[in-house]
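Throughout, protein chains are lettered first and strands after them, A, B, ... in sequence-line order, and every chain is numbered starting at 1.
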Amino acid sequence: MLDIRELRRDGEQMVARLARRGVHFDLAAFRALDAERKQADMLSQDLQAQRKQASRDVGELVKSGVAVDEAKSRVAEVQAKIDAQMQAEVDRAAELHGQIEALLMAVPNMPLDDVPEGKDEADNVELRRWGQPRQFDFEVRDHVDVGATLASGELNFDLAAKLSGARFSVMTGSLARLHRALIDFMVDMHADQHGYQEVYVPYLVGPEALRGTGQLPKFEQDLFRIQGDRELYLIPTAEVPVTNLAANEIIDSAKLPLRYVCHTPCFRSEAGAYGRDTRGMIRQHQFEKVELVQLVRPEESASALEALTGHAEVILQALELPYRVVVLCTGDMGFSACKTYDIEVWIPSQNTYREISSCSSFGDFQARRMQARYRPDSGKPELLHTLNGSALAVGRTLVAILENYQNADGSVTVPPVLRSYLGGRETL
RNA sequence: GGAGAGGUGGCAGAGUGGUUGAAUGCGCACGAUUCGAAAUCGUGUUUACGUUCAUAGCGUAACGAGGGUUCGAAUCCCUCCCUCUCCGCCA
């Protein structure tokens, strides 16, 4: 959520920054609404103050020996006059506050100044590449074909469709084990080498948590909501429960920065993505992800984003999978982000790099929504900065391994760092 | 699922209708004392919003959430959420 004070103080500057990502913010409408709100606030608060004083007067009179009924009748006239309009004004002020809140909750974050301006993914800027795409001396098959014919396990979409329809997958045997091994490998790396605390969280969350990170109110169609009395949603990413650990908290400064690593399944309805990546397990309704989340002091968020992205890259380097890092342009960034790096892994069958991680800084945008604060060494509590990144998307990592490590005989070589997780197995 | 007890400030813990945004203790901050420190003493220390040049004053709201009763609610009533204890069930 945008800072309403900054909006009042320097609205033009914020409008200009939003315009960089193609968002038009109607400052005049906001100001008109805010002016109305201001008037309603002053009037309603003044009436409440009068009402309060009248009640106190009754108390004073009773204390000084006046009978209760007598005291009440002495102030009754004043109160009647106030009551005639107070509730209406209080309601009006609350209504206007609600309108402003709703307006601001629907506005995306402002890109940082160093984010390149652009319209869509075509305008993203490549920053670096790592590794050399392998030259194959046989016909490259995609992960669907490779996974369907492995001797030691299989990747099966028909079985999944029988159970749950399109965009789900079933894995068996060594493939299922490789999938599980990837999770352990990634979590171990971040917990043991990169200083993240492992955390386990609920996969169902309430609407407040989703508002906090920015999925609600605007993107409900991308979520799965469960049946039942309570309003609960399947998490679309561990970002939601993990970041919200700090919601409505005031974190002791000495505990910062907080770094969490969390593996969860992720559930996305992908309502707007029909027809995209329909083959294979690139885009599923359910997938596993290892997520990094950091909660940091504002001055640390820029360097934290670089470090976090590096932690995700280390996984790909260890797996010896070629990748590149791009910085998303203003028009391609997510709703809550102020800067995002995508890491894209080489997919031989598509002869291109595909997103396998997205690492973002959110500034205080999410923290303001969820009131995640810390107590500085001196002064009042301040909003934290939040960051997160996939490190990595497990299903897509599996895809990359099946494709990059495939052999002419249909087998798949196990990346050396994973072999200890597979009982020493060298090929699938 | 059944029965009972609770949810108050960073923490602990008072407070059952009237200057209580809230005693007290701990913690923390500043000051005094000291060569320095401990101990001691003093002062201060919730948050949001509004107003404002102001993180100064002043105002409004908030004691799990939302309603209600009342001139007046942390205190009384209702609903929901959560925590704890016992029983049942279960991984």
Side-chain angles (χ1 to χ4, degrees), chain A residues 1-10 30-31 33-105 200-212 226 228-233 241 244-256 258 298 364 367-384:
Chain A
M1 189 160 63
L2 301 182
D3 184 353
I4 192 168
R5 288 179 177 171
E6 193 181 347
L7 202 49
R8 287 175 186 136
R9 195 178 343 107
D10 198 4
F30 166 77
R31 284 186 171 147
L33 194 57
D34 197 41
E36 204 181 332
R37 181 235 89 227
K38 179 169 169 175
Q39 196 194 21
D41 264 342
M42 291 200 290
L43 186 52
S44 69
Q45 288 183 11
D46 183 54
L47 287 165
Q48 285 179 96
Q50 291 179 38
R51 191 70 167 64
K52 203 170 170 178
Q53 187 52 51
S55 290
R56 279 205 198 101
D57 290 345
V58 174
E60 289 300 318
L61 287 169
V62 170
K63 226 183 219 172
S64 66
V66 180
V68 176
D69 288 344
E70 168 66 14
K72 278 164 70 169
S73 66
R74 282 199 206 173
V75 295
E77 199 184 322
V78 189
Q79 286 189 332
K81 208 156 40 170
I82 298 166
D83 287 348
Q85 59 175 152
M86 187 183 81
Q87 197 53 51
E89 286 303 326
V90 170
D91 290 348
R92 177 162 164 264
E95 163 69 19
L96 288 165
H97 275 277
Q99 281 181 30
I100 290 173
E101 165 97 0
L103 178 74
L104 294 183
M105 285 293 273
Y200 171 85
V201 294
Y203 302 158
L204 294 170
V205 295
E208 266 319 303
L210 289 155
R211 266 193 280 277
I226 67 157
D229 306 336
R230 293 208 275 156
E231 186 180 354
L232 287 173
Y233 299 82
N244 275 285
L245 291 173
N248 299 310
E249 299 284 339
I250 300 174
I251 311 272
D252 187 3
S253 175
K255 291 185 177 151
L256 297 176
L258 289 174
D364 61 14
R368 182 172 295 105
R369 288 174 158 243
M370 67 177 74
Q371 287 301 302
R373 294 173 291 174
Y374 75 104
R375 197 172 291 284
D377 296 331
S378 64
K380 296 194 150 213
E382 289 178 19
L383 294 171
L384 290 161

Starting at CG of A/L232 and ending at C1' of B/C82, how long is that distance when rounded to a whole Å?
14 Å
What distance, rounded to whole Å, do you find between the two C1' atoms, one in B/C82 and one in B/G64?
7 Å
Among the nucleotides B/U47, B/C71, B/G50, which one has an atom lying closest to any side-chain atom of A/S55?
B/C71
Please write out each protein N/O paired with an N/O of nucleotides 60-64 of chain B under 3.5 Å, distance rounded to 0.1 Å.
from, atom 1, to, atom 2, distance (Å)
B/U60, O2', A/Q48, NE2, 3.3
B/A61, OP2, A/K52, NZ, 3.1

Can you check the distance between B/G44 and B/A56, where both ends of the measurement are the C1' atom (answer in whole Å)?
16 Å
Polar pairs (N or O, both sides) under 3.5 Å between protein and nucleotides 51-56 of chain B?
none

Please give the distance between the P atoms of B/G4 and B/A62 as a whole number of Å.
31 Å
Expressed in angstrom and rounded to an integer, what is the separation of A/R368 atom CZ from B/U47 atom P?
17 Å
Could you measure between the two C1' atoms, the one in B/A12 and the one in B/G66, and give it in whole Å?
29 Å
Let's test this: given Watson-Crick or G-U wobble pairing with both distances under 3.5 Å, identify the partner of B/G21.
none
Atom-pair distance (CG on A/D3; P on B/C49), nearest Å
9 Å
Gap between atom CE of A/M42 and atom CD of A/E89 - 0.5 Å precision:
11.5 Å
How long is the line joining CD1 of A/I100 and C1' of B/G50, in whole Å?
12 Å
Taking atom C1' in both B/C63 and B/C58, what distance in whole Å separates the two?
24 Å
What integer distance in Å separates A/M86:CE from B/C71:P?
13 Å
How far does the C1' atom of B/A32 sit from the matching atom of B/A39, given to the nearest Å?
14 Å
Let's test this: given Watson-Crick or G-U wobble pairing with both distances under 3.5 Å, identify the partner of B/C76.
B/G68
Quick one: do A/E95 and A/R92 make a salt bridge, cutoff under 4.0 Å?
no
Distance in angstrom units between A/E208 CD and B/G66 P, rounded:
11 Å
Atom CZ of A/R369 to atom C1' of B/A48: distance rounded to whole Å?
18 Å
Under a 3.5 Å limit on both distances, the Watson-Crick or wobble mate of B/C58 is B/G50
For B/U83, the nucleotide meeting Watson-Crick or G-U wobble distances (both under 3.5 Å) is B/A5
Can you tell me if A/D364 uses its side chain to pair, donor with acceptor, with the backbone of A/L384 under 3.5 Å?
no
I'd like to know whether A/L103 forms a side-chain contact (heavy atoms from CB on, under 4.5 Å) with A/F30, so could you lay out the CA-CA distance, the side-chain angles of the two residues, the decisive distance to 0.1 Å, and finally the verdict.
CA-CA 8 Å; A/L103 178 74; A/F30 166 77; 4.0 Å; yes
Under a 3.5 Å limit on both distances, the Watson-Crick or wobble mate of B/U16 is none
Would you say A/R373 reaches B/U47's phosphate, i.e. side-chain N/O to OP1/OP2 under 4.0 Å?
no
Under 4.0 Å, counting only non-hydrogen atoms across every strand here, what does A/R9 touch: a base, just sugar-phosphate, or nothing?
nothing
Any donor-acceptor pair under 3.5 Å linking the side chain of A/Q39 with the backbone of A/E36?
no
What is the pairing partner of B/C63, taking Watson-Crick or G-U wobble pairs with both distances under 3.5 Å in any strand?
none
Distance between P atoms of B/A74 and B/G7 (Å, rounded)
15 Å
Can you tell me the distance, in whole Å, between the CG atom of A/N248 and the P atom of B/U47?
14 Å
Side-chain donor-acceptor contact under 3.5 Å, A/R51 with A/Q48:
no
For A/E208, is there an ion pair with A/R211 - N to carboxylate O distance below 4.0 angstrom?
yes
Keeping the roles fixed (side chain from A/R37, backbone from A/H97), state whether a donor-acceptor pair exists under 3.5 Å.
no
Could you work out the separation of B/G31 and B/U16 based on their C1' atoms and round it to a whole Å?
41 Å
